[in-house]
Amino acid sequence: MTDRFVSRGFVGRRRNTGPANRIPPGQYVTEDFPVLSAGPTPRIPLDQWTFSIEQLGHELVRWNWDQFIALPRQEFEVDIHCVTKWSKLDTHWEGVSVDLLLERIDLDPRIMYVTAVSYGGYTTNIPLSDLLNGQAFVAYNYAGEPLEPEHGGPARLVVPHLYFWKSAKWVRGLKLMEHDKHGFWESFGYNNHGDPWKEERYSGD
Amino acid sequence: MAIDRLRSALSGLSQPKTARELVRTPLAWQIATVKEITAETPRVKTFTLTIPDWVQHRAGQHYDVRLTAPDGYQAQRSYSIASEPEREGEIDLTVEYLEDGEVSSYMHEVLVPGDLVEVRGPIGGYFVWEASTGGPLLLVAGGSGVVPLMSMLRHRAAANSDAPARLLYSSRSVDDVIYRGELETLGALGNGLEVFLTLTRSQPEGWEGFGRRIDRPMLEEVAQPFGSRARVYVCGPTPLVESAANNLVEIGVPQSQIRTERFGPTGKN
């Protein structure tokens, strides 16, 4: 290993490290829940909210709010990691697993990538393989309460093993695609994949 | 002549590249040197860093700073660039001291000119403004949120832009106004920039600016000449940004024309 640069006189406070094997490189633990959205917060009335799945350009299914919250729900306790360096441990959510949503459609074998689309225009792209097998859910409750708009309510995608910009707030659907396409932050210089354990923050990392 | 070809080949290698040209290559960590440290307010300092592999940034972008302890422990944070892209080879990072800030406390309490700091950047393609984009430009800042907006105003001046621009800047007291003298000077140039200050906790005697938190009437007044054409950048603590952005949407500024950057904790779990 090459000689590492050492900052003169730095010892670190080390209060915010948390259990070492749960904190990805470059992150610190916060008790807070920062809001770092790009742009104003969209407000979507529940009687207008829908969630749809589109495959290869065709809409296959759409739920309204009442239908969506009637789907089998699960509770999830996960650590989340933001690219702006904060990590929050043991966050508690309630929602629907993406696996369950995809079971409701006939998944085409050509599908490799997914774009999550949100009210307000936000998008983010994720490989299908990162969304299956319990790795992702659409959450509408956080810490036992309905998810607030600032944090992505009425519902947001949650993909805890990737940087939290991939957990699209105000999600309104998933587009299943053959080819990958940069979403919002990905087209502004952020990493296409976003694995915090490999510190994939910016494009080229 | 061979020597001329060699010279031009070498000068091509040392040409500073713009951030756009390097957007797909890794942002490598590099060791910067602290050139100068300036106290802006009692809790805010500007660190001028000489950057070996300097790449021209865009106003609004940031750098990441990484500190390493002897045992390998590291802490990283992002800081907005305060200086204009036109200033080559170095950047200003204006950093507020936070009580429990691991990196800001080191920078304020330990760093001296001549020290080395590991950095990488410039980063960010969303919260940026270039003079070629034009105005009218509405900048709304709370506390140290003024830093990336200052980069925009310094760039506007360096680029000789007369795009109409207004800065609405909220601070606790007059002593907390970062870049106060420079903002007065820029606002007095008569080239289309107006600066509006609001002091939320205490105002000096004879104060003629605003004296309360940014609210809808204040935004309506400041945004009035620009109306729905305003290109808006809001930066500061989340509650301020949230409130200002919501109010601007209600006033009639299209959502797509409002860009936000939020600093710091929300204050709630």
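Chain A is the first sequence line, chain B the second, and so forth, proteins listed ahead of strands; every chain is numbered from 1.
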Contact part of A/Trp86 toward chain B, heavy-atom cut-off under 4.5 Å: side chain, backbone, both or neither?
neither
Check for a donor-acceptor pair, side chain of [X] on one end and backbone N or O of [Y] on the other, with a separation under 3.5 Å.
| X | Y | value |
| --- | --- | --- |
| A/Ser7 | B/Thr68 | yes |
| B/Thr260 | A/Ser37 | yes |
| A/Arg8 | B/Leu116 | no |

Is NZ or CZ of B/Arg66 both nearer than 6.0 Å to the six-membered ring centre of A/Phe5 and within 45° of the ring axis?
no
Assign the ring pair B/Tyr73 / A/Phe10 to parallel, tilted or perpendicular, where the plane angle (0 to 90°) is split at 30° and 60°.
parallel
[X] versus chain A, heavy atoms under 4.5 Å apart: side chain, backbone, both or neither?
| X | value |
| --- | --- |
| B/Tyr106 | side chain |
| B/Ile258 | both |
| B/Leu67 | both |
| B/Val128 | neither |
| B/Gln255 | both |
| B/Val249 | side chain |
| B/Val253 | neither |

Starting at CG of B/Leu27, measure out to OH of A/Tyr202 and round the result to the nearest 0.5 Å.
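So the gap between those two atoms works out to 8.0 Å.
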Give the member of B/Glu242, B/Glu109, B/Gln257, B/His62 that has the highest number of heavy-atom pairs under 4.5 Å with chain A.
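Winner by heavy-atom pair count: B/Glu242.
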Just so I understand: if I count every heavy-atom pair under 4.5 Å between each of B/Ser105, B/Gly72, B/Ala244, B/Ser256 and chain A, which residue has the most?
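Going by pairs under 4.5 Å, I would pick B/Ser105.
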For A/Asp205 and B/Arg120, what are the C-alpha separation, side-chain angles and deciding distance, and is it a side chain to side chain contact (heavy atoms under 4.5 Å, CB included)?
CA-CA 12 Å; A/Asp205 279 354; B/Arg120 68 171 177 153; 2.8 Å; yes
Given side chains that start at C-beta, do those of B/Arg262 and A/Glu150 come closer than 4.5 Å, heavy atoms only?
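Answer no - side chains too far apart.
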For side chain to side chain contact (heavy atoms under 4.5 Å, CB included), just list the numbers for B/Gln76 and A/Arg201, CA-CA rounded to whole Å, side-chain angles, deciding distance to a tenth of an Å, and then say yes or no.
CA-CA 12 Å; B/Gln76 270 188 56; A/Arg201 297 183 195 270; 4.0 Å; yes
Minimum heavy-atom distance between B/Thr238 and A/Val35, given as atom pair plus value:
OG1-O, 3.1 Å
Which heavy atom of B/Ala69 sits nearest a heavy atom of A/Val11, and at what distance?
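Nearest heavy atoms, B/Ala69 then A/Val11: CB-O, 3.9 Å.
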List the steps and the verdict of side chain to side chain contact (heavy atoms under 4.5 Å, CB included) for B/Asn246 and A/Arg43.
CA-CA 10 Å; B/Asn246 290 338; A/Arg43 317 266 161 191; 2.9 Å; yes
Output yes when A/Lys85 and B/Asp64 qualify as a salt bridge under the 4.0 Å nitrogen-oxygen rule, no when they do not.
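Yes, A/Lys85 and B/Asp64 are salt-bridged.
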